[in-house]
There are 2 protein chains.
Amino acid sequence: MESWTAAPEDADTQMSLHETLVARLRQLMIEGPLASGQRIPEAELCRRFGVSRTPLREALKVLAAQGFVLLRPNRGAIVAPVDPAQIGPIFELKGALERLIGLTAAERVTPADLDALAALHLDLDAAVRRSAIEDYTRLNYAFHKALARISGNALLCESYETLQQKIWRYRFLVNEDFSRVAESFAEHEQIMIALRARTPLDLAARLEAHNQRTCDAMIEAARKTLADSGAPER
Amino acid sequence: MESWTAAPEDADTQMSLHETLVARLRQLMIEGPLASGQRIPEAELCRRFGVSRTPLREALKVLAAQGFVLLRPNRGAIVAPVDPAQIGPIFELKGALERLIGLTAAERVTPADLDALAALHLDLDAAVRRSAIEDYTRLNYAFHKALARISGNALLCESYETLQQKIWRYRFLVNEDFSRVAESFAEHEQIMIALRARTPLDLAARLEAHNQRTCDAMIEAARKTLADSGAPER
DNA sequence: CCAGAAGATAATGAATACAATCCATGGGGA
DNA sequence: TCCCCATGGATTGTATTCATTATCTTCTGG
């Protein structure tokens, strides 16, 4: 709970105040403490972070531009509601990016990249064997982020990361889905093979399929979750 | 003309000051008055727009998040420099989106959509016959934007529009390229055919090819322009 | 004459103050 | 009793003020 006031890891670089606020607020929304649809009173956040309203509002504007908060004129900001109906469109777009990542990464990957990814892949394997879902999710995120980097397209990386962060907010819906983890790792094996073989079309297809299956699993999990609790959070 | 900056249907609604500033500043940077790399002194913009620094700074933060301006801590903001080396990556990403737009639009297009696009297509034809490059460019923008809408994926539309705006800042490099306009329109003919036929793969391929050719033309034009003027603007 | 440093000046970063808007509560009238 | 409207509190939007940083000028020493 005190993680509110503690900055994660930006001690060294001189970030302007509003920038750190952007990071911390986004973290709170992604990690959960700021629930979907919840109102965000400026005054309270100012007290929490010990800053004035000016940098806080600047941070909120940035987060609104990134789609994490909703600014309603004269009516304050709310955490952008997570709408299960948006899972499909988000993954649809991500699929297009995954394909491009596959096409380009297969051609531009270096041995060093392969080593780094292989290390992550091993960590993923260990997480699967330990049934450490939380670790797996985190490592999976890092794996795909690293893969995006290999594409060599900074803009693509940035867009991809933004999408991943959007999706991350829905992950609580599939937290308990153990079976998907094993399946997911099996797909990762194939992805690594395609990457080592440097076969663009194959890698792209596998990434797209991986994305599609993850999407299906998440939609199914959302359906179940929402079916259980008649009325979700308000 | 004003269809760029804001959704068409919220023209009258009360926009907060910072929101209008975002739109107007982006307009200035896209249209040209604010040149690439140029410093943006807050004071001057405040005088220009007749507002105080607070909403102006909020607008700059948003534009920085969108990649239109570069905020250097304690050193002011500059218009994000247009780097010819970025043309490739931008179009590469746009190609992925074009493909997705093609795949989905072909399946989800309605007769009404077709009528609206056909009207734009006719306008494009007229612009070609009049050799009205400026009109063609603008209509072309509207055409692809409308096509993106047909995909039914709001997130895709948004990402696509942001990319288009980034690219728009490079258009001065190809303003004088008449031949490409005729070629471009011919490609649009094929795009309309594929859309009417509702053939996803064909439409996607044609949109990707269209995108690739536009990219090549722009890179070539940039090469020429930069070769002519030894040292670009600073 | 040039290089480096110290101070002046102007710009940005942040905080506070003021104005406008919204929401809730309560009173008056039908 | 119920509905409408007015008024008060609270919250957001904007302007102004203070603090900090960078840049430019100028002066001094080599």
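Atoms considered below: every heavy atom in the structure, side chains included; atoms not considered: hydrogens, waters and symmetry mates. Quick caveat, the model's predicted, so the values are computed rather than measured. Below, chains carry the letters A, B, ... as their sequence lines are ordered, and counting in each starts from 1.
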Using the side-chain contact (heavy atoms from CB on, under 4.5 Å) criterion, which residues pair with B:Ala146? Sequence neighbours excluded. B:Leu117, B:Leu120
By side chain to side chain donor-acceptor pair (under 3.5 Å), which residues pair with A:Glu107, not counting sequence neighbours? none
Under 4.0 Å: is that the gap between some side-chain N or O of A:Arg57 and OP1 or OP2 of D:dG13? yes
Whole-Å distance separating the CD atom of A:Glu42 from the P atom of C:dT21: 17 Å
Identify all side-chain donor-acceptor contacts of residues 80-94 of chain B below 3.5 Å with residues at least two apart in sequence or on another chain.
from: B:Asp83; atom 1: OD1; to: B:Ala85; atom 2: N; distance (Å): 3.0
from: B:Glu92; atom 1: OE1; to: A:Asn153; atom 2: ND2; distance (Å): 3.0
from: B:Glu92; atom 1: OE2; to: A:Arg108; atom 2: NH2; distance (Å): 2.7
from: B:Lys94; atom 1: NZ; to: B:Glu98; atom 2: OE2; distance (Å): 2.8
from: B:Lys94; atom 1: NZ; to: B:Asn211; atom 2: OD1; distance (Å): 3.0

Separation of D:dA10 C1' from A:Asn74 CG (nearest whole Å): 13 Å
Of the listed nucleotides (D:dA15, C:dA14, D:dT23), which one gets closest to any side-chain atom of B:Pro55? D:dA15
Report, one line per pair, each donor and acceptor closer than 3.5 Å where one atom sits in a side chain of residues 54-62 of chain B; sequence neighbours left out.
from: B:Arg57; atom 1: NE; to: A:Glu58; atom 2: OE2; distance (Å): 3.4
from: B:Arg57; atom 1: NH1; to: B:Glu42; atom 2: OE2; distance (Å): 2.8
from: B:Glu58; atom 1: OE2; to: A:Arg57; atom 2: NE; distance (Å): 3.2

Nucleotide C:dT12, atom C1' - distance to CG of B:Leu70 in whole Å: 16 Å
CD of A:Glu220: more than 12 outside heavy atoms within 6.0 angstrom? yes
Would you say A:Arg75 places a side-chain N or O within less than 4.0 Å of OP1 or OP2 belonging to C:dC23? yes
Go through the structure and list residues passing side-chain contact (heavy atoms from CB on, under 4.5 Å) with B:Arg213, not counting sequence neighbours. B:Arg180, B:Glu183, B:Glu187, B:Ala209
Provide, to the nearest angstrom, the distance between the CG atom belonging to B:Leu45 and the P atom belonging to C:dA11. 12 Å
Between CD of A:Glu58 and C1' of D:dT12 the distance, given in whole Å, is 15 Å
Could you state the CG-P distance from B:Leu71 to D:dT21, rounded to the nearest angstrom? 18 Å
In this structure, how many angstroms lie between the P atom of D:dA15 and the NE2 atom of B:His18, rounded? 13 Å
Regarding A:Leu60, tell me which of base, sugar-phosphate or nothing describes its non-hydrogen contacts under 4.0 Å with the strands shown. nothing
Please list, pair by pair, any protein nitrogen or oxygen found under 3.5 Å from a nitrogen or oxygen in nucleotides 16-19 of chain D.
from: D:dT16; atom 1: O4; to: B:Thr54; atom 2: OG1; distance (Å): 3.3

Atom CZ of A:Arg47 and atom P of C:dA15 are separated, to the nearest Å, by 16 Å
Check the angle between the aromatic planes of B:His121 and B:Phe143 and answer parallel, tilted or perpendicular using the 30° and 60° thresholds. tilted
